[in-house]
Structure formats: C-alpha cells, structure tokens
Protein chains: 2
Amino acid sequence: MFTHAEENYLKAIFHLEQETQGEVSTNAIAEQMETKPSSVTDMVQKLADKELLSYKKYKGALLTQTGRKKAADVIRKHRLWEVFLVDKLNFHWDEVHPIAEQLEHIQSAELIERLDRFLGSPDFDPHGDPIPDQHGNIKRTEKKLLSELQKGQRGVCVGVKESSSDFLQYLDRKKITIGTKIHVLGKEFFDGSMILRVRDQQFFISKKTSENLFVQIQES
Amino acid sequence: MFTHAEENYLKAIFHLEQETQGEVSTNAIAEQMETKPSSVTDMVQKLADKELLSYKKYKGALLTQTGRKKAADVIRKHRLWEVFLVDKLNFHWDEVHPIAEQLEHIQSAELIERLDRFLGSPDFDPHGDPIPDQHGNIKRTEKKLLSELQKGQRGVCVGVKESSSDFLQYLDRKKITIGTKIHVLGKEFFDGSMILRVRDQQFFISKKTSENLFVQIQES
DNA sequence: CTATAAAATTAGACTAGTCTAAAAATATTT
DNA sequence: AAATATTTTTAGACTAGTCTAATTTTATAG
C-alpha cells in the first residue's frame, strides 16, 4: 500500500504537527528526516497527489484525515514493537528505537492486533509515549516537563522527550525511569538547574535534563 | 548491509541448490522469484561482484561460503519468526509465510539471538522445516516423502514440502499436522493414491498429497 | 521599499531494481 | 552437421527515491 519512505514522511510530519501549529515547513521535514529540502518537496508533492496531505507551494504541508490516520498506524506499530522488545525480549529501553524503526513497516493488520493482545494492550511504550489505538486516537495525558515544576512540587516521571541512547543511559545511571517519584527541592534561577529528592537521595540535574523529562504532577 | 532484493535472491538460490546439484540456472531463479530472466542476469552479476556467488555467463550460479551463510541467516530469521507467530501470537500455520517473508529482513543480530532464546531455541518451524543455527548449519533429518512408503509401513508426519495455504488448510480439515502418526494400509499402482490409517480412521489421499508430506519412518 | 538573506522549488543526474525487445549462446532435433 | 528451439544476455527504458546546483519565491533588514 505505502512504501517505507512514504510512511516515514507521514510519521515525521505527524510529529512535527504536534510541535508547531499550522503547516509544517519543508526545511523542518528535511531536518527531521535527515534528508535534503529538495527531496522533501518531491515527496510532499507525491503525498499530496495521494491525498495524504494538503500542500501549497512555499506554504508547507498539513496531513489530511487519511494521512493522519496512516501516520498514527505506523506510530502504533512502532510503539507496540518497542513494548515487545522490552517486555518480552528484555531489551533495554535505549536499544529498541532503531529496531522498532524497521518493524513499524511490517504490513499486517492482523499481526498488530494479535501483538497488541499478546502484550496486554499496553497504553504506553517503554519511553512513556502513548500508543495510538486501532482508530488512530492517542490518549492525551496531563504531563509537564520537569523544568516547569516549582520548588516544593512533586511528580512521577511518565516519559522522556528526547530518547537518545545517551540520555536514556544517563537516566539509568541515575536510576531514573518511568514511575520514579521526584520531589523538587530547589531550582536555580541562574542556569535552570534543579535539586531533586529521589528515593531519599539528593540529585542535582541540569536544565537540559529537566527539559527532557516528562512528569505527572502529584497533588499533595 | 544487504538489500531486501539481494537477500531474496540469495534465499531463492539457496533453496534451488538443495534441489538441483550443480549450478542454478537463470530461468530457475526467475521462476522461483517470480521475475524475468533478464532481471535475474542483472542481479546475479551484482551478487557475483560482491562475491556472494560464483557465476559464469550462460553457466548459472553457485553460492560462495559467504553467500550460503547469508542465505541461511535469512532462512533462520524467517523460520524463527514463523515459530513466534504460531507459538506466541496463535497464528495458524497457513497464515505465517507472507508475514515472515517481511520479518526475515529485519536487521539486528541481537534481536534474533533474543527471539531464539525467547522461543526456547526451537529446531523446527511450524511446517517442520529445520531452523539453521547461528553459524548457518542446518540439522539434516531422516525424512521421506509419504509417497515413498510401502504398504504396511508406519511414519510420523514431520513436515510439508509445499506450504501453500490451500494445502495446509486441506491437511487441517483432515486433522493431519506435524506429529500425526500415519499407517499405510494400501497403495494403488494405477494412480499412486494411498489408503492410510490415522487415529483409527481410514483416509484416502491422492498421489499429489502423498508427494507433499514428509514423514519419519517408524520401525516396528 | 529596495537589498539581501533565507527558504523552497525545479532541473537534471544518479542508483537500485525492474521490464520489454532484440541479439547471442547453447541445446536439441532431424 | 544444419536447422530449430530454448536459454541467456544485452540494450535501452521506466519508477522510486535521492542528490547537487541553479532558480524562484518569500521573509527580513536597513
């Protein structure tokens, strides 16, 4: 039905639409896809012909309903496979992305239904990202960046914004993972760094770290 | 490392080498791959450049050690995924081939190691075909076509030669599967048909069926 | 509001893989 | 051994996707 390249473009544009309101620019897509803007123009025009997105020259792209559904499908597959790799094959959460990147293109609706059931219909992937349902709906949760919390607030880590291997391994060494409870003891105006209490230990983290950790605030 | 097309050619040539001794012909590969001979010539020359097979014009192709190992790798992946689909996701044995055809191209040695362990390092796939080990070695078993058995002989079904959906579904309706015990009550010279005893019931099967079922002979 | 910079598009070329049609090599038949 | 048939290869074209280089459009600065 769709080529790998087409699916990858749809996925990239889907992600970019979350971040920017309105049309997604050619350059933004090129950066996300690690390709050249000229290649993007070509492909975007092809996807527009297939009515997966709307596109006006020099104006950028916006997914249609069909395109958005297809993108959510691919993301659903990606995230379910990540759960499989971590829960069943005991991969580490920083290792699964490139493998899921391949597995997300396997074509078989039946396979994904069965995989989903086999995994117990999980709602989140190993990085805390929500798994779209069969209809492409994504459960939106109340989550904030740790950097938005104020001194004294408490939260539970529910996801990461970046999921580079380096960042995930850093969190691992600090024993911070999905579900870890965090108490903000202090926040430095000067550089945005924070002092946290995690499992009765004090932690110092940089602004960059706090801007890449999602938490759910615990009212107390 | 290798493209899907390259892997598919290696696999096809590997299978053809089992059946024919000596070089594999361009036409044979074309038929197996459901493509045109001219495409085969092109690809075979490319694979020869990469030293995955030896090739002399008009003489046919033979896999090198490297090529044979790579082909066995792909077959290992295919068969392990088939086991996963049947054992873990409860797919039926006639449904798994086209999905495994896609999964066999996923690149990650680690993934296959872990999948193998997760499945309990199976020796055979759901159709009774042996799964090559990490080094590309295939366990050869003593198996014969059911059609080779004589009146009075007994065997256990250990595999199928054809694994088309039609054939597998036919076997299912007859409740013949891997492990089924078969006793040859009679064999008709005229058309090669057979009368079997299976689970205390009499079965009539055609020559075509008996030529596509592998059995292990039970000495008695 | 013109000049310049940035972003986006087009044109043309390249690779992988395929195809058709024609030519060349090998096999088979008489 | 010549004629015919079969197999295989070559030549040239096509698609998908990418790239570089040049051009055009839009945005920004003075």
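Each chain gets a letter, A, B and so on, in the order the sequences are listed, and its residues count up from 1.
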What integer distance in Å separates Gln45(B):CD from dT18(C):P? 14 Å
Between the protein and nucleotides 14-17 of chain D, list the N/O to N/O atom pairs that are separated by less than 3.5 angstrom.
{"from": "dG17(D)", "atom 1": "OP1", "to": "Thr3(A)", "atom 2": "OG1", "distance (Å)": "2.4"}

Within 6.0 Å of NZ in Lys88(B), more than 12 heavy atoms from elsewhere: yes
Please say which of Asp123(A), Asp129(A), Asp133(A) ends up in a salt bridge (Lys or Arg N to Asp or Glu O under 4.0 Å) with Lys139(A). Asp123(A)
Atom-to-atom span, CD of Glu23(B) to C1' of dT26(C) - whole angstrom: 15 Å
Aromatic Phe14(A) / basic Lys70(A) pairing, under 6.0 angstrom, 45° off normal: no
Restricting to non-hydrogen atoms, name the atom on Glu162(B) and the atom on Phe167(B) that form the minimum distance, rounded to 0.1 Å. O-CD2, 3.5 Å
Please evaluate the base of dT8(D) for a donor-acceptor partner in the side chain of Ser38(B) within a cut-off of under 3.5 Å? no
Can you confirm whether more than 12 heavy atoms, excluding those of Lys207(A), are under 6.0 Å from its NZ atom? no
Row check, Phe91(A) ring normal vs Arg114(B) NZ/CZ: under 6.0 Å, within 45°: yes
Can you name the atoms? Protein N/O to nucleotides 6-8 of chain C N/O, anything below 3.5 Å, with the distance.
{"from": "dA8(C)", "atom 1": "OP2", "to": "Asn27(A)", "atom 2": "N", "distance (Å)": "2.8"}
{"from": "dA8(C)", "atom 1": "OP2", "to": "Asn27(A)", "atom 2": "OD1", "distance (Å)": "3.2"}
{"from": "dA8(C)", "atom 1": "OP2", "to": "Asn27(A)", "atom 2": "ND2", "distance (Å)": "3.3"}
{"from": "dA8(C)", "atom 1": "O3'", "to": "Tyr58(A)", "atom 2": "N", "distance (Å)": "3.4"}

Assess, by modelled atom type and distance only, whether the side chains of His97(A) and His78(A) contain a donor and an acceptor separated by less than 3.5 Å. yes
Rounded distance (Å) that lies between atom P of dT20(D) and atom NZ of Lys36(A): 5 Å
Exercise answer: donor-acceptor pairs, residues 35-46 of chain B side-chain atoms, under 3.5 Å, sequence neighbours excluded:
{"from": "Thr41(B)", "atom 1": "OG1", "to": "Pro37(B)", "atom 2": "O", "distance (Å)": "3.2"}

